[in-house]
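Here the structure comes first, spelled out in C-alpha cells, and everything after it is commentary.
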Protein chains: 2
Amino acid sequence: MAEKTKLWYLQNFNMFDGMSPKMMMELAQNTSMQNNSKKEIIYFPEDASNTIYFLKAGKIKIYRLSEDGKTTTLQLLGPGEIFGESAILGQDTHDNIAEVVEDAVVCAMDKRDFQDLMEKSPNLTMSVNKFIGWRLRKIQAHVEDLVFKSASQRITSFLHRYVETFGKKMVDGWMVRPFLTHQEIADLTATARQTVNQVLNELADKDIIKFSRRFLQLKGDLDQLES
Amino acid sequence: MAEKTKLWYLQNFNMFDGMSPKMMMELAQNTSMQNNSKKEIIYFPEDASNTIYFLKAGKIKIYRLSEDGKTTTLQLLGPGEIFGESAILGQDTHDNIAEVVEDAVVCAMDKRDFQDLMEKSPNLTMSVNKFIGWRLRKIQAHVEDLVFKSASQRITSFLHRYVETFGKKMVDGWMVRPFLTHQEIADLTATARQTVNQVLNELADKDIIKFSRRFLQLKGDLDQLES
DNA sequence: ACAAACATGTCAGCAAAATGACAGTCCAAC
DNA sequence: GTTGGACTGTCATTTTGCTGACATGTTTGT
C-alpha cells in the first residue's frame with residue numbers, strides 16, 4: 001500500500017498529534033495495514049506480544065475467559081484507539097483475547113520500531129503515557145462500577161457510555177448502529193443475558209429507548225440513562 | 001537529610017535498577033522524605049497530582065468512596081512500590097484516596113523533576129512503562145476476580161496474595177504481622193465484613209490458618225488458600 | 001427455500017451473600 | 001483502673017439477579 005495512504009490512515013490518532021511530518025513518515029513506513037472481519041481473533045492469550053495495533057475503523061473487544069468458560073469483556077474499542085499495548089509495557093505475551101466485533105481496519109507496528117520512535121520523540125512518549133493513564137482510569141472506573149452499582153445500573157450506564165461514544169446525535173435524541181447482542185452487553189457489564197433483556201425492555205416500556213438487532217435509539221437526552 | 005542517606009533510601013526500588021550512579025544522585029537530590037503514621041491521608045481525590053511517591057516502608061492503601069459512603073480498596077501497597085503515578089500519566093488531579101495503613105516512610109518527588117529524568121534516561125522510561133504495565137495487569141486481575149469468583153473465593157485468594165507478599169516463611173508455614181481488620185479485608189475484596197468473619201473462622205476451623213488482631217498464621221503451604 | 005445456528009423473550013425457582021441487629025471483646029486514653 | 005470506641009462473632013431476614021428451561025423469532029449459508 002502506498003505510504004501516502006498509510007499516512008492518511010494514521011491521522012486522527014490523537015496520540016500522534018503534534019508529531020513532525022518526518023516522524024509521521026517514519027511511522028507510516030513501519031506500519032502494515034489489515035482488514036479484519038467480524039469474529040476474527042487478532043490475538044489470543046499466550047500469543048507473543050510483539051505488535052502494537054491502531055484501530056482505524058470498526059470495533060474490537062478485549063476480553064477474558066474463565067476456566068469454566070465464562071466471558072468478561074474488559075473493553076470495547078472504537079476507531080482511534082490503540083490496543084495490544086502490553087507489548088510496549090514490558091510483557092512478552094498477551095493475557096487477553098482481542099476479537100473483531102465490527103469489521104475493522106487495523107494498523108500494526110512492530111513494538112521495537114515503536115520503541116525506537118519513542119526514544120527519538122519524548123513527545124510521543126508523553127502521549128503514550130497519557131494514553132496509558134487514560135486506560136488505567138477507565139479500568140478503575142470499571143472496578144468501581146462492579147463494586148458499587150447493581151446489575152441494572154451497570155447496564156444502563158453502559159448504554160449511556162455506548163450511545164455517547166458510538167452514537168450520532170439526532171434532532172430528537174441519539175442513534176447507534178449497529179447494536180450489540182444482548183449477550184455481548186451481558187459480557188461487558190458482568191450480568192446475565194436475561195437481565196440485559198429485561199432491563200432493555202423496561203427502558204423501552206418507559207419509552208426511553210427503542211431498539212432492535214440493527215440499532216439502538218435513545219429518545220431524548222443522555223441523562224435519562226443515569227444509573 | 002543527607003543525600004547519602006536518601007541515596008540509600010532509594011535503593012531497592014526495582015524501577016531504578018541499572019541506573020547510573022550519577023542519575024541516582026540526581027534522583028536523591030530531588031527527593032524529599034516524610035514519615036506518615038497510620039490513618040494519615042497522603043492525598044484526596046481532586047487534590048492536584050504534582051508528586052510521585054515511593055514507599056520505602058509501611059503499607060498504603062489506595063481506595064475509593066461511593067456517593068453513599070461505601071468503600072472499595074483498589075490496592076494495598078508495600079515497601080518498594082510507587083504510587084501517585086497518575087501525576088506522570090497526564091492527570092492533574094487524583095481520583096483516589098491514599099491512606100497509610102501501617103506507619104510509613106514515603107519519598108516524594110515533583111513530577112516535573114521526574115519527567116526531566118525520564119527524558120534523560122530512556123532506561124528509566126522503560127522501567128516506568130514496565131511498572132505501569134504491571135499495575136494494569138494487577139487491576140485487570142482484580143476485575144477478573146470480581147467477575148468470576150465468589151465472595152469467599154475472593155477472600156481466600158486475597159489471603160493467599162497477602163501472605164505471599166507480606167508474610168515470612170517459617171518452618172511450618174507462614175506468618176504475617178500485623179494483620180488487617182475484617183473491615184479492611186472486606187473493602188479489599190468487595191465483600192461484607194460479616195462474610196469475611198465467617199470465611200476466616202471457617203479456615204481456622206479447618207486448621208488452615210490461625211489469626212488474631214495482631215497476626216495471621218498460615219499452617220503449612222500457600223496452596224491451601226486456593227479459591 | 002430450507003435448515004441450522006443464533007438471538008430474543010419470559011418465567012419460576014434458587015442460592016449466595018448483603019443487611020440489620022445486637023452481644024461480647026479488646027484496647028487505648030485518660 | 002475505668003470508660004468509650006472500635007472490632008469481632010453470630011444469627012435471622014431479605015434481596016438481587018443468576019440458572020435452567022423452553023418457546024419464539026431472525027439470520028445465514030447452501
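Small disclaimer: the values here were computed from a predicted structure and weren't measured. To find a chain, count down the sequence lines: A is the first, B the second, and so on, and within it residues start at 1.
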### d(CD, B/Q198; P, C/dT19) in whole Å
15 Å

#### Entry: Protein-nucleotide distance (A/K38, atom NZ; D/dT27, atom C1'), rounded to Å
10 Å

### Task
Write down the distance between CG (A/L200) and P (C/dT10), rounded to a whole number of angstrom.
12 Å

### Query
Can you tell which of D/dC18, C/dA7, C/dA17 lies closest to the side chain of B/A151?
C/dA17

### Message
Nearest to the B/R213 side chain among C/dT10, C/dT8, C/dC27, which nucleotide is it?
### Response
C/dC27

#### Entry: Mutual orientation of the aromatic rings belonging to A/F179 and A/Y162 [parallel < 30°, tilted 30-60°, perpendicular > 60°]
tilted

### Task
Please state how far atom NZ in B/K70 lies from atom C1' in C/dA17, giving the value in whole angstrom units.
13 Å

### Query
Within the pair B/T181 and D/dA6, is there a side-chain N or O less than 4.0 Å away from OP1 or OP2?
no

#### Entry: Between C/dA17 (C1') and A/L146 (CG): distance, integer Å
16 Å

### Task
Using atom CG of A/D68 as one end and atom P of D/dC18 as the other, report the distance to the nearest whole Å.
15 Å

### Message
Counting only side-chain nitrogens and oxygens, does A/R214 get under 4.0 Å of the OP1 or OP2 atom of D/dT27?
### Response
yes

### Any B/N201 side-chain nitrogen or oxygen under 4.0 Å from OP1 or OP2 of D/dT10
yes

### Summary
Heavy-atom closest pair (A/L74 atom, A/H142 atom, distance to 0.1 Å) is O-ND1, 3.7 Å

### Task
Please state how far atom CZ in B/F215 lies from atom P in D/dT8, giving the value in whole angstrom units.
13 Å

### Task
Determine: side-chain N/O of B/T195 to OP1/OP2 of C/dA18, distance under 4.0 Å, yes or no.
yes

## Note on the structure
Heavy atoms of A/L218 and A/I208 approach each other most closely as CD1-O, 3.5 Å

#### Entry: Considering all heavy atoms, the nearest B/R137-B/K130 contact
NH2-O, 4.2 Å

### Task
To the nearest Å, give me how far apart NZ (A/K149) and P (D/dG17) are.
13 Å

### Message
Please tell me if B/H182 has a side-chain N or O lying less than 4.0 Å from either OP1 or OP2 of D/dC7.
### Response
no

### Message
If you assign B/K39 and A/R193 each to the DNA chain D nucleotide with the nearest heavy atom, which residue ends up on the more 5' nucleotide?
### Response
B/K39

### Task
Please determine, for the side chain of B/N197, which listed nucleotide (C/dG9, D/dC7, D/dG9) has the closest atom?
D/dG9

### Message
Within the supplied structure, the quantity of interest is the number of heavy atoms (other residues, nucleotides, ligands) at a distance under 6.0 Å from B/K169 NZ; does it exceed 12?
### Response
yes

### Message
Which nucleotide wins on minimum distance to the side chain of A/Q194, given the candidates D/dG20, D/dC18, D/dT27?
### Response
D/dG20

## Note on the structure
Per atom distances to the B/S152 side chain, the nearest of C/dA17, C/dT10, D/dT8 is C/dA17

